[in-house]
Amino acid sequence: FLILLDEHRRWTGSDALAHELERAARAALDWIDVHGDLDGDGFVEYERRNEETGLLNQCWKDSWDSMRFRDGGIAEPPIAPCEVQGYVFDARLRAARLADEVWHDPALARPLRTQAAALRRRFREAFWMPERSGYALALDAEKRQVDSITSNMGHLLWSGIVRRDHAALVAGHLLGEHLFTGFGIRTMSTLDAGYNPIGYHVGTVWPHDSALVAAGLARYGYRDAAARVAAGLIDAASALGGRLPEVFAGYSAGLTRLP
């Protein structure tokens with residue numbers, strides 16, 4: 001919500017909506033700190049309240065088996081997904097800009113920027129996997145890294161939370177054969193035990209996900225890589241009558257020729 005509110009202002013050149021929704025924006029910032037961070041560790045987590053029929057996973061990869069370790073084991077909630085921390089980082093910086101330029105409240109803007117910088121440091125320490133040269137999918141209930149390699153790293157580029165010296169390694173994963181099919185980015189790497197090319201969030205390609213990956217690559221200057229991902233999506237759309245589905249299988253373009 002906060003990201004979109006700032007983006008609306010950037011595209012329209014109008015402050016009107018940001019003024020109208022100032023109270024809601026401030027409430028969203030409070031939600032992040034008070035309700036989003038369940039245990040006060042500085043990260044936003046989720047855990048269902050309804051143990052019988054509630055959704056087990058409440059990030060965009062909301063299928064029951066999406067949060068898998070490298071060995072295929074399933075992470076237990078509460079879970080802090082990596083990309084959500086990136087969204088929070090971006091949201092705080094954008095809200096700080098709105099506070100400075102629209103709401104004229106520097107007393108709000110300053111701590112938001114400080115919080116964003118602190119989150120970036122904590123995120124690097126908690127989520128970076130030196131042995132895999134990538135970011136973990138999430139932290140589980142015991143704050144262990146959910147250590148699979150996934151498309152979520154592209155969302156981290158999109159949000160801007162990735163360190164510059166890590167960006168090349170992340171881009172290398174995203175364009176590697178284990179994630180890039182030629183048509184888009186797999187949700188989970190072929191290197192991980194949970195990978196399934198027709199599993200909803202564990203190996204399929206989601207066009208919206210790949211589009212965010214492309215935007216993230218471009219943000220960090222990897223424009224050729226971004227163009228390859230975008231071209232793959234266009235090829236997939238061309239093969240599917242000009243429209244992209246929600247999701248398609250994660251088979252390599254060299255294997256199936258068509259998505």
Side-chain angles (χ1 to χ4, degrees), residues 1-33 36 44 58-62 81-117 119-120 123 151-164 167 170-171 174 184-185 205-238 242-247:
F1 171 69
L2 293 164
I3 292 167
L4 183 58
L5 185 61
D6 177 67
E7 197 71 4
H8 177 275
R9 177 177 179 257
R10 292 179 65 246
W11 277 86
T12 64
S14 171
D15 294 348
L17 190 65
H19 277 301
E20 179 185 343
L21 297 179
E22 177 183 353
R23 182 178 177 184
R26 290 175 181 268
L29 289 167
D30 288 341
W31 182 91
I32 291 170
D33 294 333
V44 170
Q58 297 174 12
C59 53
W60 85 262
K61 291 182 173 176
D62 59 359
C82 69
E83 76 279 8
V84 171
Q85 317 316 315
Y87 303 160
V88 170
F89 171 80
D90 191 21
R92 283 180 173 147
L93 291 180
R94 288 172 180 265
R97 179 162 57 202
L98 292 173
D100 271 337
E101 299 177 6
V102 182
W103 306 326
H104 305 297
D105 187 356
L108 173 63
R110 283 191 296 271
L112 285 172
R113 292 192 175 96
T114 299
Q115 284 180 307
L119 173 59
R120 194 179 202 185
F123 178 79
S151 62
N152 301 55
M153 285 192 290
H155 292 231
L156 298 176
L157 293 176
W158 178 70
S159 71
I161 200 172
V162 174
R163 271 177 35 166
R164 287 283 168 183
V170 171
L174 294 167
I185 309 296
V205 173
W206 288 64
H208 94 276
D209 182 36
S210 292
L212 287 174
V213 171
L217 289 165
R219 176 174 185 161
Y220 277 77
Y222 298 101
R223 304 194 71 84
D224 289 344
R228 283 185 64 194
V229 177
L233 289 175
I234 292 170
D235 288 344
S238 299
R243 298 183 67 182
L244 284 164
E246 175 187 56
V247 59

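We number each residue from 1, following the sequence as shown. Small disclaimer: the values here were computed from a predicted structure and weren't measured. All values below were derived from every heavy atom in this structure, side-chain atoms included, with hydrogens, water molecules and symmetry-related copies excluded.
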Which atom of Phe89 lies closest to which atom of Ala116, heavy atoms considered
CD1-O, 3.3 Å
Residue pair Gln115 / Asp33, side-chain heavy-atom distance below 4.5 Å
yes
Does some side-chain heavy atom of Arg219 sit less than 4.5 Å from a side-chain heavy atom of Leu157?
no
Minimal non-hydrogen separation, Cys59 against Pro81, with atom names:
CB-CG, 3.8 Å
What's the verdict on side chain to side chain contact (heavy atoms under 4.5 Å, CB included) for Asp209 and Trp60, showing C-alpha distance, side-chain angles and the deciding distance?
CA-CA 10 Å; Asp209 182 36; Trp60 85 262; 3.5 Å; yes
Minimum-distance pair of heavy atoms, taken over all atoms of Ala226 and Ala214:
CB-O, 3.3 Å
Among Leu156, Val170, Ile185, the one residue meeting side chain to side chain contact (heavy atoms under 4.5 Å, CB included) with Val213:
Ile185
Which atom names give the shortest non-hydrogen contact between Ser210 and Val205, and what distance separates them?
OG-CG1, 3.8 Å
With heavy-atom distances below 4.5 Å as the criterion, would you say the side chains of Leu21 and Leu5 are in contact?
yes
Side chain to side chain contact (heavy atoms under 4.5 Å, CB included) partners of Thr12, counting only residues at least two apart:
His8, Ser14
Any donor-acceptor pair under 3.5 Å linking the side chain of Tyr220 with the backbone of Gly160?
yes
All heavy atoms of Pro111 vs all of Pro106, minimum pair found to be CD-O, 4.5 Å
When rounded to the nearest 0.5 Å, the distance separating CG of Leu244 from CH2 of Trp206 is 13.0 Å
Do the non-hydrogen side-chain atoms of Val229 and Leu174 ever get within less than 4.5 Å of each other?
no
Drop me the distance from Leu98's CG to His19's NE2, to the nearest 0.5 angstrom.
10.0 Å
Leu217 versus Ala171, closest heavy-atom pair with distance:
CD2-CB, 3.7 Å
Tell me, yes or no, whether the heavy-atom count around Arg223 atom CZ, taken from other residues, nucleotides or ligands under 6.0 Å, exceeds 12.
no
Could you go step by step and tell me if Asn152 and Lys61 meet the side chain to side chain contact (heavy atoms under 4.5 Å, CB included) rule?
CA-CA 9 Å; Asn152 301 55; Lys61 291 182 173 176; 2.4 Å; yes
Nearest 0.5 Å, what's the CD1-CD distance between Ile161 and Glu83?
11.0 Å
Could you name each residue pair satisfying side chain to side chain donor-acceptor pair (under 3.5 Å) that touches residues 95-108, not counting sequence neighbours?
Asp6-Arg97, Arg9-Glu101, Arg26-Asp105, Asp100-Arg113
Rounded to the nearest 0.5 angstrom, the NE2-CG distance for His155 and Leu212 is 5.0 Å
Rounded to the nearest 0.5 Å, what's the gap from CD1 on Ile32 to OH on Tyr87? Could you check?
13.0 Å
Rounded distance (nearest 0.5 Å) linking atom CZ of Arg10 with atom CZ of Arg94:
6.0 Å
Any donor and acceptor pair, going by atom type alone, linking the side chain of Gln85 with main-chain N or O of Val44 inside 3.5 Å?
yes
